[in-house]
Amino acid sequence: MDIKSLYADILNEHNLNPSHKGVLDQPTFTLQGVNPSCGDNIYLQLKLDENNIITDGTFNGSGCAISQASVDMMLDSVIGKSKDEALSLAALFTDMIHGTETDDAKLEALDEAAALKNIRVMPARVKCAVLGWHTMQEMLASGKTAGQGAAPHCAQDSMCIK
């Protein structure tokens with residue numbers, strides 16, 4: 001199986017059969033992430049315990065296959081991790097998408113989300129791939145919840161074209 005087929009299989013599996021699509025009962029954080037340029041719209045929910053460990057997470061909303069699959073892969077990667085570990089994974093994912101981190105050994109920490117590394121060659125799709133990750137970063141770094149974490153996601157990244 002070549003790398004393009006593997007990428008397509010992973011992307012399709014997470015898009016068509018997401019493990020984390022749904023609504024949490026009493027989440028610690030809920031934040032809407034919006035990509036106004038293409039219509040991706042997610043509601044990310046995380047539940048953290050008293051030790052800042054992410055014990056559960058879900059997303060809901062609509063968008064392209066890349067945005068939906070990416071947020072599902074993200075949740076696979078961060079559930080069971082501490083807040084700081086999740087923020088570190090988000091930074092690694094962003095560095096991978098922007099092409100500043102290419103070391104496959106380091107990218108293994110992203111598990112299946114590392115399959116999205118070649119999205120960077122499609123600048124119009126970068127914003128789709130990072131939406132869930134940026135929403136999580138905003139949520140965890142600032143404690144922002146219940147509101148909308150919209151346009152700043154793309155405004156922060158030079159590769160996110162509006």
Side-chain angles (χ1 to χ4, degrees), residues 7 10-11 13-15 17-35 40-61 63-120 125-157 159-160:
Y7 159 79
I10 291 170
L11 185 77
E13 181 60 29
H14 281 276
N15 179 49
N17 302 302
S19 302
H20 304 288
K21 197 159 191 175
V23 177
L24 280 180
D25 184 37
Q26 299 184 354
T28 308
F29 296 104
T30 298
L31 189 63
Q32 180 183 21
V34 178
N35 180 352
D40 295 332
N41 183 19
I42 63 161
Y43 291 87
L44 180 64
Q45 296 184 310
L46 295 177
K47 190 177 282 191
L48 280 70
D49 69 12
E50 63 280 352
N51 297 314
N52 278 331
I53 302 296
I54 299 169
T55 59
D56 204 356
T58 62
F59 74 99
N60 220 326
C64 70
I66 292 172
S67 72
Q68 300 293 287
S70 182
V71 71
D72 195 57
M73 288 183 230
M74 177 197 76
L75 287 166
D76 276 349
S77 296
V78 303
I79 292 173
K81 302 278 193 304
S82 71
K83 174 182 164 180
D84 290 339
E85 289 171 315
L87 288 168
S88 179
L89 286 172
L92 178 61
F93 184 83
T94 301
D95 289 346
M96 175 190 73
I97 292 295
H98 290 163
T100 58
E101 182 57 74
T102 58
D103 182 345
D104 286 335
K106 289 181 182 177
L107 297 179
E108 282 182 19
L110 295 171
D111 197 29
E112 287 183 326
L116 298 175
K117 70 181 176 181
N118 291 323
I119 292 292
R120 70 176 167 263
R125 303 314 300 259
V126 166
K127 59 191 171 290
C128 305
V130 300
L131 179 62
W133 296 85
H134 281 194
T135 303
M136 181 186 70
Q137 283 178 303
E138 185 172 348
M139 173 189 290
L140 294 178
S142 69
K144 189 172 183 182
T145 190
Q148 180 174 330
H153 295 298
C154 287
Q156 292 173 354
D157 295 328
M159 292 186 74
C160 286

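Nothing fancy with the numbering, it's 1 onward along the sequence.
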Can you name the side-chain hydrogen bond (donor to acceptor under 3.5 Å, both in side chains) partners of [X], sequence neighbours left out?
{"X": "N60", "answer": "none"}
{"X": "S82", "answer": "E85"}
{"X": "D84", "answer": "none"}
{"X": "Q45", "answer": "T30, T58"}

side-chain contact (heavy atoms from CB on, under 4.5 Å) involving [X] - partner list, sequence neighbours excluded:
{"X": "S19", "answer": "D72, D76"}
{"X": "S142", "answer": "E138, K144"}
{"X": "D25", "answer": "none"}
{"X": "A109", "answer": "L89, L92"}

Query - Contacts of K106 that satisfy salt bridge (Lys or Arg N to Asp or Glu O under 4.0 Å) - sequence neighbours left out - result: E101
Report summary line: Those residues at least two apart in sequence (or on a different chain) that pass salt bridge (Lys or Arg N to Asp or Glu O under 4.0 Å) with K83 are none
**Report entry** CE on M139 to CG on L46, rounded to 0.5 Å
**Finding:** 5.0 Å
Report task. Compute whether any side-chain donor of one residue and acceptor of the other, for S70 and W133, lie under 3.5 angstrom apart. Result -> yes
